Every structure is written in C-alpha cells, then in structure tokens.
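Report on one structure; see the data block that follows.
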Amino acid sequence: MTSFKEFTEVCKTIESISSSLEMTAVVASFFRRVSESDELVGSATELSIVPRFIMGRIFPEWSALELGVGPALLYESISKASGLSVRHIKQLIRETGDVGEAAKIALERSKRSGAKSRTQTTFLDFSTMDGGTGGAESGEKSEREGVLTISDVFERMTSIANASGKGSQQTKTRHLQFLFNTSSPTESGYLARIVLEELRIGVGEGIVRNAIAEAFAEDVDAVERAYMLINDLGEVAVLASRHDLGGVTIILGRPIKMMLAQIGGFGDLTEAYAVEWKFDGTRVQIHKDGEDVRIFSRRLEDVTSSLPDIVKLVKSQITADRVILDGEVVAVGPEGKPLPFQEIMRRFRRKYDVSAMVEKIPLYLNLFDIMYLDSAPLIDLALHERRRRLDAIVESGERITVAEQVVTDDPMTAQTAYQAALDAGHEGIMLKALDSVYSPGKRGKNWLKIKPIMETLDLVVVGADWGEGRRANLIGSYLLACYDPETSEFLEIGRVGTGITDEQLAELTNLFSQYVISEDGGAIELKPAVVFEIAYEEIQRSTHYASGYALRFPRLVRVRFDKTAEDADSVERVERLAGG
Ligand code: AMP
C-alpha cells in the first residue's frame, strides 16, 4: 500500500520541475514503487488509481461515476474541518488564487489555534459513521500525516460519488470532512485540488502514457493503443506492469475513443476517397450485445437512457448480434431540414419525461462506421472493407440509414457534393481516405472535414465573472454584447471563457480592473470599453440574452484594441449572420 503522503510528495517534486522528460521520470519511478507494494483494496488496485490521480482525475473516463462535488460543497467541508468560516475560506482562495493553497492554510491555522472545535466535531460526526474509529481521528495533524493511503482516498471518493437522494449532500460533506481531518495540511491541499479535478501540476495524458512505458519497459505505441481501446490509463498501467498490453482489445460495452476529423480542403486527398455528408447532429457510439444496447456520446458518456427511440431502432434494424457502430444522430424538422444542434442536446440531456421528448424531437440515426463485429475488432481493416460490413448489417429505413458515400478522386465531384450537402441543410462534407484504418482518438489526415468558415464577430465586454478554484483570483469568463445604434444600447449575446490562456487571463484581469463598475458576489459589471473578436460555431436564437441571440462555442480570437465599444458589431449584423 502507498500512502497519500507519498503521492503529495511526488506532486510537489513535479511542481518544481519544468522539463517534461524529468517529470516523466519522476512519475515513472512513482508508478514502479506503487506497483511493488500494490494490492487489491475494495474494487481497485492502487496502480490503477494513481495514473488518474496524478492527472487530477478520479474515475475512468468511461465510468458513469462522477464525484458531484462543486466548489460550494468543498468550501463547506474545508470550513467544517478547519473551523474557519466559508467566507474566510473564499477570502483565502482569492488571496492565494488556489483552492489547494487555501485549504492547506486553513487547516494549518486551525491546527495552530488548537483545532479543538475541529477534532471534537469530527469525533462526534464520525464515531457513528465509521464504526467508532473516532478515537484515531482526534489528535493533532502532525500525527495524521501519512495515515491515509491512496486506496482510502479513492474508496471515500467512490462513496461520495455513489451518494444519492435525500441527505446525499450531507453524506458527501462528511466524507470530505473525514478526509481533511485525516490528512496533514499539505495533503489536504492536494486533496482539495483533486476533488475539483484541478490538480494542474502539468501532468497530462502524454506524460502518463510515457511514464507507464518507461516504468514497465513497454513500447509507448503499445501503451497508447491500449489506452485508445480501453479508455483508462489506470487499467493500462496495471496491464503494462504485467506485460499484458499485447492482449488488449476492444471490450464490447466499454466505449473506445472516437476517430476525429481535421479541417481540410478539396485538394488535400490525392488517392481515392469517400465523400460523405457531414450531418449536423451529435456523434454517438453504439454498442449492441444481443438485447443490451448502450449508447455513448462524443465525450464517451453513457446517454442510453435519454435515447430509448434510438435503442429501439438499433434492436430492430441492426441484424448483427454483437457490434460497435459509429454514427451521428440528427433531429429533423417538419420541412425535412436538420434542426439546430441545440434541439438534439435537449434530448441528450433529458433525464425525466424522456417519452414526451421522444415524440417532440424525433431523432434519426446516420451510421458511418463499424469497429467491431461478432467478437472481432474491425478497426484495422480499410474503410471500404468496414463499409461493406456495415452495409450488410443495417436494414435501412426512414429513421436509420448508412451515410451515403460518393467514391472519387476528383475535387470537382467533391465540390458538387459539398454544394448539395449545404443546400440540403447539412454542415458540409467529410472526405475519408478509402484505405484508412479506424484510428481511435486520432485527429489525422484520413478524415477531413470541409465546412463554410464562419465570420467572426466583434463584441464589447460588459461584464465578467471571477473564476473558480485555481483561477479564483482571475476573471474566468466575460459577458459579451453587440451594439444597437438606434438606441445606443449594448445588448448581451453570450459569454466567453475559452480560447484564453492562463497568462492572457492574468493580463485581461489586469486590463479590466480599470473598467469595474460594481461587483456582486462573483459577478462583475464592466463599463463597455473593450472589444473582443469572437469566433463561434453557430448563432442561435435565444430568449436568454437581450439581443435575442446566443453563440454556440464562442472563443476569443483577439482583443480589438483598435475598436471602441460603439464600433462593436450591430445587432443587425448578428441577425444577418444568423440567417434570420
Ligand atoms: P467537428 O465536430 O467539426 O470536429 O467534426 C467532426 C464531427 O462531425 C464528428 O465528430 C461527427 O460528430 C460529425 N459527423 C457528421 N457527419 C459525419 C460523417 N459522415 N463522418 C464522420 N463524422 C461525421
């Protein structure tokens, strides 16, 4: 067993290193140490947990488990464990800019001030809950350092994730309070960051993948491939430690990473390729195992319960017994044109009253790939081979089709198909190399997407929100508005928080400090002065914002220092671009 303390020491070491090679070496040697003293605790071995923890993740990506702890619940737990008020905790976060540092300081202070209230309440709270182990939980922090093991932390987090229904918030707070009370201030700091999945010590998938390879003398490509197929670096580490990567294969019921497309042009593919319509809907990966059908979203979340109509279609019109399919679900309006993406998302997010929604927003399934058939993975077959197999197992009907393909090597033919796709209300086209294999998780040249480029909008910033967690002392998102020259009003149209690096965030926070009109909680009202150039995927009608429009996936391109607030784009231009 490995202590959580050892994990935090590794984190600290990594934070002091900037070279990713060195980081990889530290992570690799940690993985090796964990594997040497590994054993099964509860449902997992520690070696399956640490690759995720070190990236600030808790559960495997494919797992339906979610911690379900937001900043408010975390602050409350830190408050209870430290005896400091939630306001005080927030103040500390503001001062340090890091929830981990704030948690550490809070628990240090409580320790210095005797921690009476903390240990006493903890004793009372947990003597019942943890089978009377309260005695071990009282006492000073220093005695507790190194008490928690990595498995303890994971087991508690699993209990937190499983807490549901009435009283679940209280249960979650108690588990968290227990963790904070059983760890040293330093450990508490890292715990807080993991809880918000914001460890941010600079270790991402690439480093973990390389570290697994280095730790167990395995080939990086083998590690990568295993990851793409089983979707959990924790499990991959365990397999690598047993030199079992060669046997890794697709598991029916477990989502594999989706193959992705790159933006391309008509002349980019020289060999023969397939042209397909690019449907404007939502990606789905369908796993059918006899009567058991599971549907996963692009983010590999299980969305089966929101899509009973698609499940039914698959059961009745896919003749294969055991199969994994790739496709796009679209909603079609009364005139036969695809409905906007937001309509489909309403279906995906639906947890209750699903059947009413099924009537209201009928969905259609366009299948374009097959990755597994009758216990055999097909991802290493060429596209045209996979396509043949796909055609053979789909009984196409009104609601389910195999995406039509035009096979060509002539850019003119592709352009004609492109125009036809746009005329039919689709997003554009996909060009797919006919000989290409299915590469899970890869955005490569074998799938190219061609769609019209959206014009950007110049919008004025009229408000902002403070960030959370590590970004608590930075502005995290900006409220944008267009201009109405007739009334001289600025009309809100959406928020932007992506496309901004940490460095830019700091600069912008600084820039906007001079325009603050008022602050209310985390919300800031700003004098309209700064213009952002914003890119987006789509403009949608919306009753949420005063302009009557909202942007889908807005992203900051640059600050237009050359423009004044009144130079921002008019609501008329927004209307025109929205096509209305
Ligand atoms: P993008 O989301 O712009 O990166 O474009 C790639 C996405 O287009 C895929 O993830 C699918 O959701 C979607 N898509 C629509 N039609 C197709 C198709 N025929 N083949 C592959 N992807 C498609």
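Every number for a ligand or one of its atoms is a count from 1 in the order of the listing. All of these numbers come straight from a predicted model, not from anything done at the bench.
In the candidate list R298, R283, Q262, R298 is nearest to atom 2 (O) of ligand 1, counting heavy atoms.
For atom 11 (C) of ligand 1, the closest heavy atom belonging to the protein is E328 OE1, 3.0 Å. Nearest protein neighbour of atom 19 (N) of ligand 1, counting heavy atoms only, is E276 OE1, 2.8 Å. Closest protein heavy atom to atom 1 (P) of ligand 1: K449 NZ, 3.1 Å. For atom 7 (C) of ligand 1, the nearest non-hydrogen atom of the protein is K278 NZ, 3.8 Å.
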Should Y438 and Y372 be marked as a ring-ring contact (aromatic ring centres under 6.0 Å, His included) after you check the CA-CA gap, both sets of side-chain angles, and the distance that decides it?
CA-CA 11 Å; Y438 189 97; Y372 180 95; over 10 Å; no

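Contact atoms of ligand 1 toward W447: 21 (C) (distance under 4.0 Å to a heavy atom of the residue). When each atom of ligand 1 is checked for a heavy atom of F368 under 4.0 Å away, the hits are 17 (C), 18 (C), 19 (N), 20 (N), 21 (C), 22 (N), 23 (C).
Ion pairing between E328 and K278 fails under the 4.0 Å rule for side-chain N and carboxylate O. Between D292 and R294 there is a salt bridge, since a side-chain N of the basic residue sits under 4.0 Å from a carboxylate O of the acidic one.
Taking the centre of each ring, Y478 and F512 come in below the 6.0 Å mark. Separation of the Y549 and Y536 ring centroids does not fall under the 6.0 Å cut-off.
Nearest heavy atom pair, residue V208 against residue L233, reads CG1-CD1, 3.8 Å. Considering all non-hydrogen atoms of both residues, V462 and F490 come closest at CG1-CB, 4.1 Å.
There is no side-chain donor-acceptor pair under 3.5 Å between N210 and T24.
Residue contacts with ligand 1 leave out M258, since none of its heavy atoms falls under 4.0 Å from the ligand. Assignment of K432 to the shell around ligand 1 is supported, since a heavy atom sits closer than 4.0 Å.
Of all the heavy atoms of M430, the ones lying under 4.0 Å from any atom of ligand 1 belong exclusively to the side chain. The parts of F279 lying near ligand 1 are both backbone and side chain, judged by heavy-atom distances below 4.0 Å.
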